[in-house]
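Contents: one structure, followed by commentary.
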Amino acid sequence: MNRIRTRFAPSPTGYMHIGNLRTALYAYLFAKSQGGDFILRIEDTDRARYVADAVEFIERTLAAAKIIPDEGPHHGGAFAPYVQSERMDIYKKYAEQLVADGHAYYENGAIRQKMPRAGETTFFDVLHGNITIANSELEDQVLLKSDGMPTYNFANVIDDHLMEISHIIRGTEFITSTPKHVLLYEFFGWELPTFIHLAPVMGKAEDGTVSKLSKRHGATSFNDLIEAGYLPEAITNYVALLGWSPKNSCQEIFSMDELIKNFSLDGLSKSPAVFDYAKLDWMSGEYFKAMSDEDFAKVADKYFGDFDAPRKIFLSSLLKTRVAKLSDIPDMIAFLKNLPQFDVELFNNKRNKITPQKSAEILAPAIKILENVDD
RNA sequence: GGCGCCUUCGUCAAGUGGUUAAGACACCGCCCUCUCACGGCGGGUUCAAGGGUUCGAAUCCCUUAGGCGUCACCA
């Protein structure tokens with residue numbers, strides 16, 4: 001059996017959507033659970049969309065999420081370069097070969113793939129089984145753009161083959177273009193990889209409607225969530241369970257190692273999952289509760305304001321069980337610095353048989369006693 | 001609109017012809033408790049609809065509906 005090799009192939013935008021992070025996570029978990037390789041490849045063939053430093057941004061984000069590529073732009077590897085804009089001559093060569101073989105043709109400076117007019121193309125997807133699409137639905141798509149850059153649909157196939165990718169794990173938005181890829185593999189006489197098309201991550205709006213997770217639903221990128229004060233481990237853990245569940249187990253709290261140990265493709269769900277901030281909050285809280293006061297104080301440090309170290313650790317012992325995300329902290333401890341307005345209602349407590357009048361009687365002598373107490 | 005994919009509690013989900021249809025989050029109630037939390041116990045709500053097949057269907061087949069995706073020199 002061939003070595004298991006998966007890849008994460010983002011385009012370089014300065015943004016790591018939760019859905020993309022999840023795709024990367026599953027590709028990583030699958031490769032690692034099989035003792036295989038996980039490759040990072042940058043698909044920067046759209047010059048108009050290029051964002052400076054995006055590659056470093058992606059690498060930093062993956063590192064924070066503990067998703068470590070075996071090969072990639074700055075990780076090296078036998079199939080370098082891992083940035084598509086640096087592989088233009090390769091795509092050109094294969095595109096020209098297709099033209100020579102009669103499977104593609106020139107048009108306005110671009111090279112287009114010649115699709116069969118009749119028949120149908122079928123491919124196997126691990127989650128969906130056989131998917132068949134009539135060839136009449138397929139366009140003569142552009143392979144090589146007039147600026148010399150390949151399109152996604154071409155570069156992707158060439159690179160996945162050349163880099164010996166065994167399993168293609170990506171979003172369902174690519175299902176309908178997969179037959180075009182399959183035709184390309186057939187033209188070249190290459191072995192087909194295994195396809196796994198993941199359902200999207202959805203968001204729920206206030207009016208109850210569900211749609212693909214986007215900004216209108218709040219924080220939608222890994223970095224948004226980090227900034228809100230969620231631990232990277234908690235985010236990864238939650239995201240892993242959004243569309244995957246372990247077999248023969250109800251475990252929900254997973255370290256990365258446990259995720260790798262338990263991951264299997266048949267635990268993947270083929271229907272979309274709605275991102276639930278409430279559950280993320282709960283899971284995040286579980287991580288905080290499991291921390292020592294010292295560790296909590298460390299990650300929460302910048303949210304405390306000017307308390308001394310021992311005080312921060314003491315506050316941590318109280319905050320640990322009450323916090324869903326670290327950014328909750330400032331509001332929770334604000335009263336320690338500014339005395340808030342207290343409602344007289346607070347002095348009504350039926351159970352303790354307390355009324356505002358009674359409280360006043362009790363509090364007066366109590367103040368005297370408290371004044372004499374040591375710190 | 002054509003084509004494709006999807007459809008189990010509000011949400012994440014287990015389930016692959018015979019189960020009282022797991023579990024978790026959220027919600028509600030009770031207990032613990034000087035408050036808020038934490039913790040413990042308990043509760044309600046689910047197989048999109050309609051047809052088949054079968055002794056028996058959440059599980060198999062068909063139809064309908066709804067959702068999503070795709071039809072770019074974007075990925």
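Lettering of chains follows the sequences in order, A, B, ..., and the numbering in each one begins at 1.
- Taking atom C1' on both nucleotides, B/U59 is separated from B/A22 by 16 Å, rounded to a whole Å.
- Think of A/Y50 as one node in a network of Ile, Leu, Val, Met, Phe, Trp and Tyr side chains linked at under 4.5 Å; it has no links at all.
- Residue A/K180 places none of its side-chain N or O atoms closer than 4.0 Å to OP1 or OP2 of B/C71.
- The gap from the C1' atom of B/C9 to that of B/C47 amounts to 10 Å, rounded to the nearest Å.
- Rounded to whole Å, the P atom of B/C61 lies 15 Å from the corresponding atom of B/U53.
- B/C32 is unpaired under the criterion used here, namely a Watson-Crick or G-U wobble arrangement in which both key atom distances are under 3.5 Å.
- Straight-line distance from the OH atom of A/Y106 to the C1' atom of B/C73: 15 Å, rounded to whole Å.
- Side-chain proximity of A/P272 to the nucleotides B/A24, B/C6, B/C25 is greatest for B/C6.
- Residue A/R49 has no polar side-chain atom (N or O) positioned under 4.0 Å from OP1 or OP2 of B/A75.
- Distance noted for atom P between B/G2 and B/A58: 32 Å (whole Å).
- The side chain of A/S269 has B/A13 as its nearest neighbour among B/G4, B/A13, B/C25.
- Across the C1' atoms, B/A37 and B/U33 are found 11 Å apart, a figure rounded to whole Å.
- Spacing of C1' atoms, B/A13 relative to B/A26, comes out at 14 Å, to the nearest Å.
- Using a 4.0 Å heavy-atom distance criterion, A/F174 is classed as a base contact.
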What side-chain donor-acceptor pairs closer than 3.5 Å can you find for residues 190-201 of chain A, not counting sequence neighbours?
{"from": "A/H197", "atom 1": "ND1", "to": "A/D125", "atom 2": "OD2", "distance (Å)": "2.7"}
{"from": "A/H197", "atom 1": "NE2", "to": "A/R170", "atom 2": "NH1", "distance (Å)": "3.2"}
{"from": "A/H197", "atom 1": "NE2", "to": "A/T178", "atom 2": "OG1", "distance (Å)": "3.2"}

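- If A/I131 and A/L242 are placed on RNA chain B by their nearest nucleotide, the residue sitting closer to the 5' end is A/I131.
- Partner A/K32 forms a salt bridge (charged side-chain N to carboxylate O under 4.0 Å, His left out) with one of A/D257, A/D37, A/D70 and no other, that one being A/D70.
- Of all non-hydrogen atoms in A/L241 and A/M283, the two that sit nearest each other are CD2-CE, 3.9 Å.
- Atom pair A/L198:CG and B/C68:P shows a separation of 19 Å (rounding to whole Å applied).
- A donor-acceptor contact under 3.5 angstrom links the side-chain atoms of A/S146 to the base of B/C73.
- The ring of A/W244 has its center closer than 6.0 angstrom to the ring center of A/F263.
- What separates CD of A/E173 from P of B/G4 is a distance of 19 Å, to the nearest Å.
- Within 4.0 Å of A/G243, counting heavy atoms only, lie sugar-phosphate atoms of the nucleic acid but no base atom.
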What does the list of N/O pairs under 3.5 Å between the protein and nucleotides 18-22 of chain B look like, with a distance for each?
none

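- For A/K279 and B/A26, a side-chain-to-base donor-acceptor distance below 3.5 Å is absent, hydrogens and geometry of angles not being considered.
- As a member of the Ile/Leu/Val/Met/Phe/Trp/Tyr network built from side-chain separations under 4.5 Å, A/V210 groups with A/M202, A/V274.
- Using Watson-Crick or G-U wobble geometry with both donor-acceptor distances under 3.5 Å, B/U54 finds no partner in any strand shown.
- Pair check for B/A13 finds none; no Watson-Crick or G-U wobble contact set falls under 3.5 Å.
- Rounded to an integer number of Å, the gap from A/L241 CG to B/U11 P is 17 Å.
- Taking A/D160 as the reference, A/R7, A/R41 meet the side-chain hydrogen bond (donor to acceptor under 3.5 Å, both in side chains) condition, with sequence neighbours excluded.
- Both A/A110 and A/V210 lie near RNA chain B, and the one whose nearest nucleotide falls closer to the 5' end is A/V210.
- A/K261 meets the salt bridge (Lys or Arg N to Asp or Glu O under 4.0 Å) test with no other residue; sequence neighbours excluded.
- Only the C1' atoms considered, B/U46 is 14 Å distant from B/G23, to the nearest whole Å.
- Using atom P as the reference point in both B/A48 and B/A14, the two lie 14 Å apart (nearest Å).
- At a threshold of 4.0 angstrom between heavy atoms, the contacts of A/N108 include nucleobase atoms, whether or not backbone atoms are also involved.
- For B/C6, the OP1/OP2 oxygens have a side-chain nitrogen or oxygen of A/H128 closer than 4.0 Å.
- Among the heavy atoms of the strands lying under 4.0 Å from A/K247 are primed sugar atoms or P, OP1, OP2 only; no base atom is included.
- Judged purely by atom type and a 3.5 angstrom limit, A/T151 uses its side chain to pair as donor or acceptor with the backbone of A/V142.
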